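Every value quoted in this text rests on a predicted model; they were computed, and no experiment measured them. Below, chains carry the letters A, B, ... as their sequence lines are ordered, and counting in each starts from 1.
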There are 2 protein chains.
Amino acid sequence: MGRWEPDARDRLVRAALDLFDEQGYENTAVAQIAERAGLTKSTYFRHFRDKREVLFSGQDELLELVTGGIAGASESAGALGAVEGALVAMAVTFTQDRWANGPRRLAVIAANDELRERDALKMAGFARTMKAGLLERGVPELDADVASELGVLALRRGYAQWLEAGGDFAEVARRALEEVRVAAAGLEGAE
Amino acid sequence: MGRWEPDARDRLVRAALDLFDEQGYENTAVAQIAERAGLTKSTYFRHFRDKREVLFSGQDELLELVTGGIAGASESAGALGAVEGALVAMAVTFTQDRWANGPRRLAVIAANDELRERDALKMAGFARTMKAGLLERGVPELDADVASELGVLALRRGYAQWLEAGGDFAEVARRALEEVRVAAAGLEGAE
DNA sequence: TCAAGTGATGGGACTTGGTCTCATCAACCG
DNA sequence: CGGTTGATGAGACCAAGTCCCATCACTTGA
């Protein structure tokens, strides 16, 4: 059994989420996750590079969408327009069924420092990728920095809103970005 | 020897930075850091909660300055004005002698994923603390989110500029924040 | 002056994350 | 039917991190 059963990766993800949810991240050993999935520790580490990553798989795919979304934005679009292109491009992976476990996943991450750390790194990765794409388009360095940070903020806010209320992710993210843009434009200086 | 020699913590920090610099973070064991500092692994973990943290000590102190700086900003100051208060308040710890190893530290962090991960968490911590302080002042949630993210961006940019060019940190950070503010205000929408 | 107390350290056992290597077994292919 | 491929199992191994207890330097109070 186990051997050659399909979807080893998915089984590991589900087992991990269940166990983290039931008994907490720290009280769960990798060997235990593997066992529940009908696999072994060796196999776990063949699929995920460490204990945290099981909750963050699919990131690479998203980064490619970000890069493509920014590069594919219309010539005339400004920095934020290109960032919007990135958010909209990400929408193809944000489908209801694939993210049914989104809220549980968020709760588990929020409850643990190690996981929040990994989450912060992932977010920084989005920002870095957006910034690189913007620089590629000729956006000045400062503008690229600001636009990518605001883009990640919009992504975070949009994701949370989408998990809560559902709907079309592209639309939700677009609104979140516009919201953030208006707020940023309205901030006054210090003097 | 070693026992009761003063400054155990500082010795550990210096030993760690030296070793990470010489042979890389991954190739350095905690026991080795402790040994170079004339201490043992046990003592190391009494001073730092894990291997990464030795490069990030002093964070709590900075968070307190952030909180104080925001709370202490003048009544009439807006969100960004309060954030500026936080950056200026942090300047007391950014003195040339205490940060002589800043560039080496940055290089070591940039060279390693685990350390960049911790760095991302620390930055997220600054943002969270700033946001909390702004909410405390009655700033709307969205504005607090945007202002704190821009504040952290200004902190990062200002810190890098200060390490490179020196000068008064408060002044450098203030300029960085204003720069970021102007760039954010100038970003156009997507339509 | 000395005995008790305090606080930082040493030391070592132990668990677990993570790496590495080799054996095994199912499926595929000629 | 025999060889190849690719995912898995098994187990040794190292380092991170936890825990507990002994030890020693220094302080305090009688």
* **Separation of atom CG in B/Leu39 from atom P in C/dG7, rounded to whole Å** => 19 Å

* Just do the side chain to side chain contact (heavy atoms under 4.5 Å, CB included) check on B/Tyr25 and B/Lys51 with the steps written out, would you? => CA-CA 9 Å; B/Tyr25 174 81; B/Lys51 184 178 171 184; 3.5 Å; yes

* Asked: Would you find a donor on one side and an acceptor on the other, under 3.5 Å apart, between the side chain of A/Arg137 and the backbone of A/Ala77?
  -> yes

* Presence of salt bridge, B/Lys131 and B/Glu141, under 4.0 angstrom -> yes

* Taking only residues two or more places apart in sequence, or in another chain, which ones meet A/Arg116 in a salt bridge (Lys or Arg N to Asp or Glu O under 4.0 Å)? -> A/Asp113

* Asked: Listed in order of residue number, which residues of residues 15-36 of chain B have a non-hydrogen atom at under 4.0 Å from DNA chain C?
  -> none

* Asked: So with a 6.0 Å cut-off around CD of A/Glu53, is the heavy-atom count from everything else above 12?
  -> yes

* **B/Glu179, CD atom: more than 12 neighbouring heavy atoms under 6.0 Å** => yes

* Asked: Are the aromatic ring centres of A/Phe169 and A/Trp99 under 6.0 angstrom apart?
  -> no

* Structure fact -> Per the under-4.0 Å heavy-atom filter, residues of residues 40-58 of chain A near DNA chain D come out as A/Thr40, A/Ser42, A/Thr43, A/Arg46, A/His47

* **Ring centres under 6.0 angstrom apart (B/Phe56, B/Phe48)** => no

* Send over the distance from B/Asp113 CG to C/dG18 P, rounded to a whole Å. => 13 Å

